A.B. asks: 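Mind looking over this structure? Questions follow.
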Amino acid sequence: MAKDFSTREENYSQWYNDLVIRADLAENSAVRGCMVIKPYGFAIWEKMQAALDKMFKDTGHVNAYFPIFIPKSFFSREASHVEGFAKECAVVTHYRLKNAPDNKGVVVDEDAKLEEELIVRPTSETIIWDTYKNWIQSYRDLPLLINQWANVVRWEMRTRLFLRTAEFLWQEGHTAHATSEEALNEALTMLDVYATFAEKFMAIPVLKGTKTASERFAGAIETFAIEALMQDGKALQAGTSHFLGQNFAKAFDVKFLNRENQLDFVWATSWGVSTRLLGALIMSHSDDHGLVLPPKLAPTQVVIVPVFKTNEQLGQISEVARKIQSSLQQSGISVKYDDRDTQKPGWKFTEYEFKGVPVRLVLGPRDLEQGTIEVFRRDTLEKDILQVEDIDRKVIHLLDQIQENLYQKAIDFRENNSHMVDTWEEFLQKIEGPGGFLYAHWDGTAETEAKIKEETKATIRVIPLGQPLAEGKCIYSGNPSSQRVIFARAY
RNA sequence: CGGGGUAUAGCGUAGUCCGGUUAGCGCGCCUGCUUUGGGAGCAGGAGGUCGUAAGUUCGAAUCUUACUACCCCGACCA
């Protein structure tokens with residue numbers, strides 16, 4: 001077990017911060033609010049990207065790239081959009097520096113003021129819709145299904161590595177459709193893609209639902225989201241998908257001729273997930289021994305550690321180890337054989353454990369004699385001595401089991417921390433206590449939602465999709481309600 | 001952005017209240033030897049403009065002011 005490392009119980013948020021740093025995922029940079037994603041953290045992000053990108057392509061999308069800068073005037077075209085983002089925009093006002101008069105460093109050259117200031121994109125709807133205007137004339141140009149992988153900047157007051165940083169990496173899909181139904185379907189399809197990704201790859205169960213008006217994306221008609229429950233009982237929005245109606249089409253005058261030869265505005269969606277997913281991943285599975293990664297996203301899925309005294313031993317062990325390595329690699333498993341003699345085995349065990357490598361294989365002289373190998377699984381911390389024959393098949397099976405076990409554990413956790421709540425007293429008691437997802441009736445008004453948030457810091461995470469309606473009374477106002485919504489304190 | 005706190009070697013810290021030699025310790029790092037099945041041991045060694053800037057003083061890590069960064073709590077947000 002790692003020393004000098006907070007436990008979840010002692011201080012959950014300290015535990016998270018320590019973990020991100022100590023597992024070499026990311027660190028704070030010289031720029032306020034911006035992080036450096038280190039190679040190990042970035043490797044996880046790359047795996048997420050690869051899986052998501054494939055899912056996007058499989059659903060008919062293509063990638064493109066739009067500028068990081070957006071003319072200021074574009075922003076004001078869509079009223080609620082400006083309002084939503086105005087407070088957190090970085091603005092470029094000049095394009096040149098010059099030597100300071102006293103020759104100490106450089107200053108902004110006031111003569112190089114931009115005619116029109118540029119906004120560093122907090123999201124790309126405006127620049128993209130201004131571009132789509134030229135790409136779309138006919139229903140034959142639709143649907144337009146484009147995604148971009150990019151960085152965005154939102155000038156946040158308080159930042160936390162991965163969870164909220166001033167600059168972050170994400171993907172944003174922006175689609176145009178001929179009909180409202182088709183666009184709405186697209187938004188829901190992508191919500192499903194996100195949910196599938198979260199569950200199959202990240203091993204995180206998520207709730208799918210609709211956001212209330214107050215939590216809606218600036219400029220959207222409807223915002224859908226997936227919500228995950230973290231180990232401290234707080235919710236984390238892990239992805240959003242928006243049905244934008246014709247709002248941006250109208251703001252940017254994007255019209256097409258339909259089959260009836262009539263001019264109409266196109267229907268739009270946008271959807272995104274960000275490096276915040278790394279925060280979700282960490283907080284869902286990791287423990288007091290460090291990071292725990294689901295095999296499907298682990299940069300190194302299997303590490304092989306030799307234990308040896310002499311070079312002859314190392315040679316013999318390496319022969320077996322490399323055979324295992326290459327046969328696993330042929331099955332698409334990423335395997336690291338760590339034969340460094342600069343670190344001791346015990347040091348390596350702790351290190352890989354901390355970094356969440358799902359499976360560790362240890363080979364020593366005893367194993368060579370007996371034809372065995374030690375297998376350690378990170379999720380349960382269990383150690384087994386197995387026969388070395390067929391070890392590749394056993395390991396592949398074990399990786400599947402670990403993936404499944406992490407998902408099941410996360411589901412169990414969520415079940416144990418989801419509660420039907422019917423009275424205000426119960427609501428208060430639960431929200432102040434263990435937290436979790438609270439299923440409660442709500443009268444549907446923004447006033448009640450705001451009051452509850454004010455008094456408890458709990459927000460409506462989603463109005464669940466596909467849940468049967470059930471009459472009830474609002475836990476706060478007592479007014480009639482047609483279904484339960486999900487409350488939680490959130491990141 | 002409001003309230004509170006912190007800043008001394010790569011990391012963690014002592015010293016700061018009460019100014020006074022070469023700023024101490026642990027981890028890590030380098031060299032050598034012995035070690036290697038859960039973070040090795042011994043010996044030697046390198047590494048500091050005490051966050052930045054200005055001020056007070058014969059003298060500042062220590063006192064004053066401003067700035068910056070980070071942490072905690074609020075407001076805002078993916």
Side-chain angles (χ1 to χ4, degrees), chain A residues 1-6 11-14 16-18 21-22 27-35 83-89 104 122-123 152-172 194 211 214-218 223 225-228 235-242 270-280 289-290 305-311 313-314 317 338-354 360-370 372-374 376 381 383 385 453-454 457 459 461 490-491:
Chain A
M1 159 112 124
K3 298 171 245 171
D4 312 323
F5 177 61
S6 306
N11 186 341
Y12 191 84
S13 82
Q14 190 63 46
Y16 175 83
N17 292 337
D18 288 354
I21 301 295
R22 293 280 304 280
E27 61 188 35
N28 283 304
S29 70
V31 184
R32 173 197 204 118
C34 295
M35 65 179 160
E83 202 187 325
F85 286 105
K87 283 175 289 183
E88 49 187 29
C89 285
K104 285 179 186 164
T123 178
V152 287
V153 168
R154 296 180 187 175
W155 215 258
E156 298 290 347
M157 300 302 180
R158 256 182 91 191
T159 59
R160 286 189 76 192
L161 293 170
F162 293 121
L163 296 174
R164 177 164 298 107
T165 46
E167 180 194 22
F168 57 94
L169 305 183
W170 76 346
Q171 57 69 218
E172 45 181 328
Y194 288 157
K211 286 289 184 181
S214 70
E215 300 267 329
R216 199 174 284 155
F217 174 73
T223 287
I226 53 169
E227 291 280 331
L236 184 115
Q237 179 175 307
T240 51
S241 182
H242 315 290
S270 68
W271 28 274
V273 295
S274 71
T275 37
R276 187 182 225 209
L277 288 179
L278 277 151
H289 298 260
V305 177
V307 178
F308 58 95
K309 284 186 177 151
T310 65
N311 273 337
Q313 281 178 344
L314 177 61
I317 290 164
D338 187 352
D339 60 352
R340 290 177 296 174
D341 64 354
T342 51
Q343 311 291 354
K344 295 184 60 179
W347 187 93
K348 293 175 186 174
F349 297 166
T350 316
E351 179 72 4
Y352 293 115
E353 193 168 304
F354 206 89
R360 183 186 71 225
L361 303 177
V362 179
L363 271 172
R366 286 209 299 270
D367 296 302
L368 287 192
E369 277 171 30
Q370 294 162 19
T372 57
I373 187 163
E374 183 187 286
F376 171 87
L381 301 168
K383 228 188 285 192
I385 308 286
K453 183 177 179 182
E454 200 181 308
K457 292 184 217 151
T459 51
R461 300 320 301 159
Y491 276 95

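Below, chains carry the letters A, B, ... as their sequence lines are ordered, and counting in each starts from 1. Values in this document were obtained by computation on a predicted structure and should not be read as measured data.
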A.B. asks: Just wondering, more than 12 heavy atoms not from A:Trp170 lying within 6.0 Å of its CH2?
C.D. replies: yes
A.B. asks: Looking at every heavy atom in both A:Val273 and A:Gly239, which two are closest together, and how far apart are they?
C.D. replies: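 In this case the closest contact between A:Val273 and A:Gly239 is CG1-CA, 3.7 Å.
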A.B. asks: With rounding to whole Å, what would you report as the distance between B:U68 and B:A78 at their P atoms?
C.D. replies: 27 Å
A.B. asks: Starting at atom OH of A:Tyr352, determine the distance to atom P of B:G37, rounded to an integer number of angstrom.
C.D. replies: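 It is 16 Å, rounded to the nearest whole Å.
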A.B. asks: Could you tell me the separation between the CZ atom of A:Arg360 and the C1' atom of B:G38, rounded to a whole number of Å?
C.D. replies: 7 Å
A.B. asks: Between A:Thr223 and A:His242, do the side chains contain a donor N or O and an acceptor N or O under 3.5 Å apart?
C.D. replies: yes
A.B. asks: Specify the residue among A:Gly239 and A:Leu381 whose closest nucleotide of RNA chain B lies further upstream toward the 5′ end.
C.D. replies: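 Result: A:Leu381.
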A.B. asks: For A:Gly279 and A:Tyr16, work out which heavy atoms get closest and say how close.
C.D. replies: CA-OH, 3.5 Å
A.B. asks: If only atom types and distance count, is the side chain of A:Gln313 paired as donor or acceptor with the main-chain N or O of A:Lys309 below 3.5 Å?
C.D. replies: yes
A.B. asks: Provide the closest heavy-atom pair for A:Ser29 versus A:Cys34 in the form atom of the first, atom of the second, distance.
C.D. replies: OG-O, 2.5 Å
A.B. asks: Would you measure the distance from the P atom in B:A75 across to the matching atom in B:C67 and give it in whole Å?
C.D. replies: 26 Å
A.B. asks: How far does the C1' atom of B:U35 sit from the matching atom of B:A40, given to the nearest Å?
C.D. replies: 7 Å
A.B. asks: If I pick the P atom on B:G51 and the same atom on B:A9, what distance separates them, to the nearest angstrom?
C.D. replies: 8 Å
A.B. asks: Taking N or O atoms only and anything under 3.5 Å, show me the protein contacts with nucleotides 70-72 of chain B, one pair per line.
C.D. replies:
unit_1 : atom_1 : unit_2  : atom_2 : d
B:C72  : OP1    : A:Ser13 : OG     : 3.3

A.B. asks: NA contact type, A:Ser274, heavy-atom cut-off 4.0 Å: base, sugar-phosphate, or nothing?
C.D. replies: base
A.B. asks: Could you pull out all residues at least two apart from A:Asn28 that satisfy side-chain hydrogen bond (donor to acceptor under 3.5 Å, both in side chains)?
C.D. replies: none
A.B. asks: Roughly how far apart, to the nearest Å, are B:C17 and B:C63 at atom C1'?
C.D. replies: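 Straight-line distance between the two C1' atoms is 11 Å.
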A.B. asks: Check every atom of B:G37, B:G39, B:C76 against the side chain of A:Glu351 and return the nucleotide holding the closest atom.
C.D. replies: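 The closest nucleotide is B:G39.
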A.B. asks: With a 4.0 Å cut-off, would you call A:Glu227 and A:Lys211 a salt bridge?
C.D. replies: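 Here A:Glu227 pairs with A:Lys211 in a salt bridge, since their nearest N and O are under 4.0 Å apart.
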A.B. asks: In which ranges does RNA chain B form stems of 3 or more consecutive Watson-Crick or G-U pairs, distances under 3.5 Å?
C.D. replies: B:1-7 with B:68-74, B:10-13 with B:24-27, B:29-34 with B:40-45, B:51-55 with B:63-67
A.B. asks: Measuring from atom CG of A:Asn11 to atom CG of A:Asp18, what distance do you get when rounded to the nearest 0.5 angstrom?
C.D. replies: 8.5 Å
A.B. asks: Find the distance A:Phe349:CZ to B:G37:P and express it as a whole number of Å.
C.D. replies: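 Result: 7 Å.
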A.B. asks: Hey, does A:Leu236 reach any base, or is it just sugar-phosphate, or nothing, if we go heavy atoms under 4.0 Å?
C.D. replies: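 Nothing, no nucleic acid heavy atom in range.
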A.B. asks: Tell me the interatomic distance from A:Arg22, atom CZ, to B:C11, atom C1', rounded to whole angstroms.
C.D. replies: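 Going from A:Arg22 (CZ) to B:C11 (C1'), I get 10 Å.
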A.B. asks: Using atom P of each nucleotide, how far apart are B:G20 and B:U62 to the nearest Å?
C.D. replies: 10 Å
A.B. asks: Would you say the side-chain atoms of A:Ser214 and A:Arg216 include a donor-acceptor pair closer than 3.5 Å?
C.D. replies: no
A.B. asks: Tell me what A:Thr165 touches on the nucleic acid: a base, only sugar-phosphate, or nothing, going by heavy atoms under 4.0 Å.
C.D. replies: base
A.B. asks: Would you say CD of A:Glu83 has more than 12 non-hydrogen atoms from neighbouring residues, nucleotides or ligands within 6.0 angstrom?
C.D. replies: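 Counting neighbours around CD of A:Glu83, 12 or fewer heavy atoms of other residues, nucleotides or ligands fall under 6.0 Å, so no.
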A.B. asks: Can you sort out the partners of A:Glu167 under side-chain hydrogen bond (donor to acceptor under 3.5 Å, both in side chains), two or more places apart, ordered by chain and number?
C.D. replies: A:Asn151
A.B. asks: Which sits closer to the 5' end of RNA chain B, A:Arg461 or A:Glu454, going by the nucleotide each is nearest to?
C.D. replies: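 It is A:Glu454 whose nearest nucleotide is closer to the 5' end.
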A.B. asks: Between A:Phe376 and A:Arg360, is there a cation-pi geometry (under 6.0 Å to ring centre, at most 45° from the normal)?
C.D. replies: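 Yes, cation above the ring, under 6.0 Å and within 45°.
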A.B. asks: With P as the reference atom in both, quote the distance from B:U65 to B:U6 in angstrom, rounded to an integer.
C.D. replies: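 After rounding to an integer number of Å, I get 14 Å for this pair.
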A.B. asks: Working to the nearest 0.5 Å, report the span between CG of A:Leu363 and CG of A:Leu361.
C.D. replies: 7.0 Å
A.B. asks: Nearest-Å distance, CG (A:Asp338) to C1' (B:G39)?
C.D. replies: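 So the CG-C1' distance, A:Asp338 to B:G39, works out to 14 Å.
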A.B. asks: Figure out the CD/P separation between A:Glu88 and B:C76, and round it to whole Å.
C.D. replies: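 About 12 Å, once rounded to whole Å.
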A.B. asks: Rounded off to whole Å, could you give me the CE-to-P distance for the A:Met35 and B:A69 pair?
C.D. replies: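 Value for this atom pair: 18 Å.
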A.B. asks: Rounding to an integer number of angstrom, what distance separates B:C25 and B:G15 when you compare their C1' atoms?
C.D. replies: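 B:C25 and B:G15 have their C1' atoms separated by 11 Å.
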A.B. asks: When you measure from the side chain of A:Phe376, which nucleotide among B:G39, B:G37, B:G38 comes out closest?
C.D. replies: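 Nucleotide nearest to A:Phe376's side chain: B:G38.
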A.B. asks: For A:Gln237, report the nucleic acid contact type (base, sugar-phosphate, nothing); a contact means any heavy atom under 4.0 Å.
C.D. replies: sugar-phosphate
A.B. asks: Please tabulate, one pair per line, each protein N/O and nucleotide N/O from nucleotides 31-36 of chain B that are separated by under 3.5 Å, including the distance.
C.D. replies:
unit_1 : atom_1 : unit_2   : atom_2 : d
B:U36  : O2'    : A:Phe308 : O      : 3.3

A.B. asks: Could you write out each protein N or O paired with an N or O of nucleotides 51-53 of chain B at a distance under 3.5 Å?
C.D. replies:
none

A.B. asks: Are any side-chain N or O atoms of A:Lys383 and backbone N or O atoms of A:Glu374, one a donor and one an acceptor, separated by less than 3.5 Å?
C.D. replies: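 Side chain of A:Lys383 to backbone of A:Glu374: no pair is present.
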A.B. asks: Mark yes or no: A:Arg276 above the aromatic ring of A:Phe162, with NZ or CZ under 6.0 Å from the six-membered ring centre and no more than 45 degrees from the axis.
C.D. replies: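 Geometry flag: not set, cation outside 6.0 Å or 45°.
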A.B. asks: Any N or O donor-acceptor pair linking the side chain of A:Lys457 to the base of B:G74 at under 3.5 Å?
C.D. replies: no
A.B. asks: For the pair made of CH2 in A:Trp347 and P in B:G37, what is the distance, rounded to whole Å?
C.D. replies: 15 Å
